[in-house]
Amino acid sequence: MPAAALAALIRERQPCVVLTGAGVSTESGIPDFRSPDGIWAEVDPFEVASIQAFRRDPVRVWGFYRKRIHVVRDAEPNAAHRALAELEARGFVDAIVTQNVDALHSRAGSPDVVEVHGSIRSAQCLGCLWSQSAESALAQLDLDDVPSCRRCGEVLKPGVVLFGEMLPAAQMERATQLARSARLLLVVGSSLEVWPAAGLPLEAQSFAIVNRGPTALDDKAVLKIDAGAGETLSAVLAGLT
Ligand SMILES: [Zn+2]
């Protein structure tokens, strides 16, 4: 039973830190990016989700993110988010580092979530760096092509890290520290293709992977489970009680 093996690893190799990617949210109805029917099979990320595209054509980039914000707002945390929150509450997981921008870990009750790719719940001004809620940006989008900063009038950018942008330094530093402190880093729902987050497992003493399909680091993992996040983590949780 692979889930029982993972439960044993989590029990033995404390502290354990979790790294999640898009595969943890697909069961909530949020499409991932890189699978054959993922978002990037439909649109070119450099046309709709890069900082260069945003500077060239913010209307098009906001058109893409407007739909994404609605999808994320209507989604609910799934069994994987809830199992991870429960593992955290029981002291088996120290913190969750996530590549996701959907805030579903926090909504499932996880107290310590490090969002290394930003959050779709906010919008940020590139002029004065003021942040405001995605809701107020959406309200502006009903009236105008792009939302603008209430303070300085500059165009607002979605609060997510776009391609070509640096990751937020404080969050990435905390994520790296957490990974280095971990005897086990548990990767869930990430194909480990997007750096630098994909390098975090190599900072930990050991790592295990739960992901549908291959990842870039399968051959270095102590355990790889090729299965859905919800069913696997629910079984792991049951194995730890
Ligand atoms: Zn501003």
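Source: prediction; values computed, not measured. These numbers come from the heavy atoms of this one structure, side chains and all, not from hydrogens, waters or symmetry mates. Both ligands and their constituent atoms are indexed starting at 1 by order of listing.
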What I want to find out is whether R107 reaches E76 closely enough, with some N-O distance under 4.0 Å, to be called a salt bridge. yes
Going hydrophobic residue to hydrophobic residue with side-chain gaps under 4.5 angstrom, can you get from V17 over to L192? yes
So, R212 and E231, do they make that salt bridge, N to O below 4.0 Å? yes
Grouping I, L, V, M, F, W and Y whenever their side-chain heavy atoms are under 4.5 Å apart, do M166 and L200 come out in a common cluster? no
Near the Zn ion (ligand 1) (under 2.8 Å) - protein N, O or S atoms: C125 SG, C128 SG, C149 SG, C152 SG
Any chain of hydrophobic side-chain contacts (each under 4.5 Å) joining L186 to L202? no
In terms of relative ring orientation, are H105 and H81 parallel, tilted or perpendicular, with 30° and 60° separating the classes? perpendicular
